[in-house]
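First up is the structure itself, then whatever we jot down about it.
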Amino acid sequence: MAKTDYYELLEVSRTATETELKSAFRKLAMKHHPDKNPGDKQAEAKFKELNEAYQVLSDGQKRAAYDRFGHAAFENGGGGGPGFGNDFASSMADIFEDLFGDFSSRGGRQQPNGRERGSDLRYNLEITLEEAYAGKTATLKVPTSIACEACSGTGAKPGSKAKQCPTCGGYGRVRASQGFFSIERTCPNCQGRGEVIEDPCRSCNGAGRVTRERTLSVNIPAGVEDGTRIRLANEGEAGLRGGPNGDLYIFLSLKAHPFLQRDGADLFCRVPVSMVTAALGGEISVPVLDGEECSVKVPEGTQTGKQIRIRSRGMPILRSRDHGDLYIQVVVETPQKLSGRQRELLREFERESSKDTQPESASFFAKVRDFFGGSAE
Ligand SMILES: [Zn+2]
Ligand SMILES: [Zn+2]
């Protein structure tokens, strides 16, 4: 049985905003809620459908896929494959944490002796679908502050040492009495470091770090998803006064491909097929990401919207040797700018057409007749 269009179900237009969707869903869900319609199986089914429709349309990514592929977008993901689930994004994070290792928690930012963990850095990296397909080693130039080499990050002139702060005695915090209360706050003399530099390092003016551009090489595994975050431990800003470095986060985004759409590991491609090939059957050549062309058989009598699945020609699946599938979506092209002879041939063809050659029109117009016939009674 054909599924009802999600937009129709929610009684909104295809351009409905998030707010419109939400209020439409709320109104309809209220009306068809099983609690309000006890024992009504139809209402229950409708309520389920509404829920499903809202879940898809309220998620930007799922909605885009639905707009493009209709219900097919969610039917061919197959059992167990990494589909749209949000869980997938979080499992990706784990994968990268495994890859880049060492994520023991560091505790608070401010450490004893005023050591401070460096800031985390964010690097936005855009890659093409082909690069996500093949995987790549990306070279990044990251401007970042690193520990000053001259003073090994202490900020004190080489050969000299930071002295214990006389105000707080190295504690980093001072106590002040206010009435009955004793309040502790950061030492104003050393800003909580517990020590003061009397003889600052000349290379870094006592900061303990200098700005450099570093070149990093990052392995982008084949099959990465848009929105993946790669964490490179300790590659962020240098810590202060010997504190640990921050981390570098690489945020991956995928460029839109001119003719391929991706859903998890599956790829979709709309391919125009001539009216004649669709009617008589034939072979078409479709592009695949591994660079080769792939020949696909179009069966006789193919209609627009038919989906042809080509196994294992989709995106690679992370941590496996498997690939998703490539789906060819046939669009039968109506010919234009016909010559006189072509028109003649088509008219002749039309004269020989029957219910058998146009089964879809025949059944549609039969339904229309039934509908008007039935409603007249
Ligand atoms: Zn220095
Ligand atoms: Zn102090």
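Counting starts at 1 for both ligands and their atoms, in listed order. Please read all numbers here as calculations on a predicted model, not as lab measurements.
Angle SG(C201) to the Zn ion (ligand 1) to SG(C151): 120° [nearest 10 degrees].
With hydrogens and angles left out, the side-chain atoms of E49 and Y6 include no donor and acceptor closer than 3.5 Å. Checked by atom type, the side-chain pair T154/S152 shows no donor-acceptor distance below 3.5 Å. D199 and S160 share no side-chain donor-acceptor pair at under 3.5 Å.
Screening V218, N124, V224 against L252 for a side chain to side chain contact (heavy atoms under 4.5 Å, CB included) leaves a single residue, V224.
Closer than 2.8 Å to the Zn ion (ligand 2) sit the protein N, O or S atoms C165 SG, C168 SG, C187 SG, C190 SG.
No close placement of the H257 and F268 rings is indicated, their centers lying 6.0 Å or farther apart. In this structure, the ring of F251 has its center no less than 6.0 angstrom from the ring center of Y123.
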